[in-house]
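Worksheet for the structure shown next.
Just so you know, residue 1 is the first one in the sequence shown, and it goes up from there.
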Amino acid sequence: MYPVAWAVVEKETNDSWKWFIALLIRDLDINDQGEGWVFISDQQKGLINSMRDYLPKAEHRKCARHIY
């Protein structure tokens, strides 16, 4: 498991998450709506929405630290 991307934004919003996910898709050349990819995060609401909209076939899991 390796962190591959992070960003500094003014505020965590749906728009900033959409911007981030769109760049991630472009930079990692993710195709087929994310099929075969797994993303682990802290489950921010805006991130969940963006993942559902941009990468509906990707698996999205919670970070064990945040589950605890």
Side-chain angles (χ1 to χ4, degrees):
M1 192 173 8
Y2 300 97
V4 294
W6 59 274
V8 177
V9 295
E10 186 175 325
K11 192 175 187 181
E12 284 189 53
T13 65
N14 284 332
D15 288 337
S16 63
W17 277 117
K18 287 179 182 180
W19 167 80
F20 179 78
I21 295 298
L23 290 177
L24 192 66
I25 290 168
R26 185 194 71 193
D27 292 346
L28 296 178
D29 195 27
I30 299 172
N31 298 304
D32 198 23
Q33 297 180 324
E35 187 169 357
W37 286 81
V38 178
F39 294 88
I40 300 171
S41 72
D42 62 357
Q43 297 285 317
Q44 291 291 327
K45 189 173 187 177
L47 177 59
I48 293 169
N49 294 338
S50 296
M51 293 291 292
R52 183 189 61 232
D53 293 344
Y54 286 97
L55 299 168
K57 293 183 180 178
E59 291 188 46
H60 192 196
R61 301 288 182 239
K62 290 183 182 178
C63 173
R65 179 177 165 215
H66 290 89
I67 292 172
Y68 175 72

Residues forming a side chain to side chain donor-acceptor pair (under 3.5 Å) with Glu59, sequence neighbours excluded: Arg61
What is the distance from atom [atom1] of [X] to atom [atom2] of [Y], rounded to the nearest 0.5 Å?
X: Ile21; Y: Phe39; atom1: CD1; atom2: CZ; value: 6.5 Å
X: Met51; Y: Leu24; atom1: CE; atom2: CG; value: 8.0 Å
X: Glu35; Y: Lys57; atom1: CD; atom2: NZ; value: 5.0 Å

Those residues that, when tested against Asp53, pass side-chain contact (heavy atoms from CB on, under 4.5 Å) (two or more places apart): Lys18
Heavy-atom side-chain contact between Leu47 and His60 under 4.5 Å: yes
Heavy-atom side-chain contact between Ser16 and Lys11 under 4.5 Å: no
Ring geometry between Phe20 and Trp17 (parallel below 30°, tilted from 30 to 60°, perpendicular above 60°): perpendicular
Criterion side chain to side chain contact (heavy atoms under 4.5 Å, CB included) against Trp37, the qualifying member of Leu28, Leu55, Asp32, Ile25: Leu28
Partners passing salt bridge (Lys or Arg N to Asp or Glu O under 4.0 Å) against Asp29 (at least two apart in sequence or in another chain): none
